[in-house]
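Structure, as structure tokens:
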Amino acid sequence: MKKTVFIGAMTAAATLVAGAASASVLDEVKARGELNCGVSTGVNGFSAPDSAGEWQGFDVAVCRAVAAAVLGDPKKVKFVTTTGQTRFTALSSGEIDMLARNTTWTFSRDTDLKFTFAGVNYYDGQGFMINKSMGVSSVKELDGATVCIQTGTTTELNLADYFKANNMKYEPVPIETNAEAQQQYLAGACDVYTTDASGLAATRATFADPENHILLPEIISKEPLGPLVAHGDDQWADIVRWTMNALVAAEELGITSANIEELSKGTENPEINRMLGSSDDDLGGMIGLEKTWAKQAIMAGGNYGEIFATNIGESTPIGLARGLNALWTQGGLQYAPPFR
């Protein structure tokens, strides 16, 4: 009996050692020479290929920043399209190294599905879009409406909760992708399209007559959107998390794509020097990266504010104001822990 117990214990220990010795995500990405990043099937301003087939957008910029931090080149990314239904399987199976796809941080996704969220790159909420001709000014007037809704999303659950709480009925029109939702909505298959308010703004911007479609005033949920990785590799989670933090901190510290080369020669600000690799501190070495990892990440597309303005800001067709996504020093929620 004692021998059997001993052998069993040795087997368990060997299994643990083998697991600990398995390649980390960082090792796999470096060996592959490419980051596999899961994105949407196409949401204008967030993640979509341009006319030349190059992926562009707010979420795409996060993927490129991580690739730059890890591999020194923001172009070393393979973009893998995922739907609301397939995104989590792709991440848990290892098909992708990270997911950056307008994904809401929730309790069950964090704990039950075993994912680690690396932060929030966009604070959002669920909204509703209708054709102006409906003559509706509030979600409370949508009793009995047909609603286009992406399956496998928090949006689907929020919709059911909200209508039940307000004693209203609706007829769901299930769709898989944003493109399908847009097609069905414009064809009149549904009265309403509901998703994150940012996604509605992005979709409306592609319409031939955006002025004829309005976003109703109610926001019915909290949708903290951000990149995520699978549980089990703290080093990889730290890399994605602190890359995000570097973009936010860069904006706060005044590091931009225009001045980063000059600042990386050394400044009077110790935190800037630590971030850009010009001090004796080696923050990159603590997470298995080069000393200039944060500099490379910021150079990929600029700081957080630059990325926002370029892809979804008020001067773009999407036309989103910073709002909650302003820096904490400007009344928003974007805030990065100290680099020290």
Please determine whether the number of non-hydrogen atoms from other residues, nucleotides or ligands lying under 6.0 Å from atom [atom1] of [X] exceeds 12.
X    : atom1 : result
Q235 : CD    : yes
D50  : CG    : yes
K222 : NZ    : no
K30  : NZ    : yes

Work out which heavy atom in [X] is nearest to a heavy atom in [Y]; give both atom names and the distance.
X    : Y    : answer
L247 : A297 : CD2-O, 3.9 Å
I307 : A61  : CG2-CB, 3.6 Å
I130 : L216 : CD1-CD2, 3.8 Å
A181 : I175 : CB-CD1, 3.5 Å
V43  : A202 : CG1-CB, 4.0 Å
V70  : L289 : CA-CD2, 4.0 Å

### Message
Taking I239 as the starting point, is it possible to reach L91 by hopping between hydrophobic residues whose side chains are less than 4.5 Å apart?
### Response
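No: no chain of side-chain contacts under 4.5 Å links L91 to I239.
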Keeping the roles fixed (side chain from [X], backbone from [Y]), state whether a donor-acceptor pair exists under 3.5 Å.
X    : Y    : result
S221 : E223 : no
N259 : G254 : yes
E290 : Q296 : no
T151 : P174 : no
H231 : F115 : yes
R87  : G84  : yes
N131 : S133 : yes
N166 : Y162 : yes
E271 : F339 : yes
Y304 : N121 : yes

### Query
How is the hydrophobic cluster of Y185 composed, in terms of its other members, when Ile, Leu, Val, Met, Phe, Trp and Tyr link through side-chain heavy atoms under 4.5 Å apart, directly or indirectly?
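ILVMFWY cluster around Y185 also holds M129, L186, Y193, L200, F207, L215.
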### Test side chain to side chain contact (heavy atoms under 4.5 Å, CB included) applied to E176 and T83, T86, T41, the passing residue
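When T83, T86, T41 are each tested with E176, the side chain to side chain contact (heavy atoms under 4.5 Å, CB included) holds only for T83.
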Whether [Y] and [X] form a salt bridge (side-chain N of Lys/Arg under 4.0 Å from carboxylate O of Asp/Glu) is what I want to check.
X    : Y    : answer
D97  : R32  : yes
K164 : D161 : no
R322 : E251 : yes
K132 : E211 : no

Do the non-hydrogen side-chain atoms of [X] and [Y] ever get within less than 4.5 Å of each other?
X    : Y    : value
L283 : W293 : yes
L276 : I272 : yes
L225 : T103 : no
W55  : T81  : yes
L99  : T82  : yes

### Task
Quick one: pull up CD in Q150 and OG in S40 and give me the separation to the nearest 0.5 Å.
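Those atoms lie 9.0 Å apart.
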#### Entry: Residues D124, S198; criterion side-chain hydrogen bond (donor to acceptor under 3.5 Å, both in side chains); working and verdict
CA-CA 7 Å; D124 209 344; S198 63; 2.4 Å; yes
### Query
Is the W105 ring parallel, tilted or perpendicular to the F117 ring (thresholds 30°, 60°)?
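W105 vs F117 ring planes: parallel.
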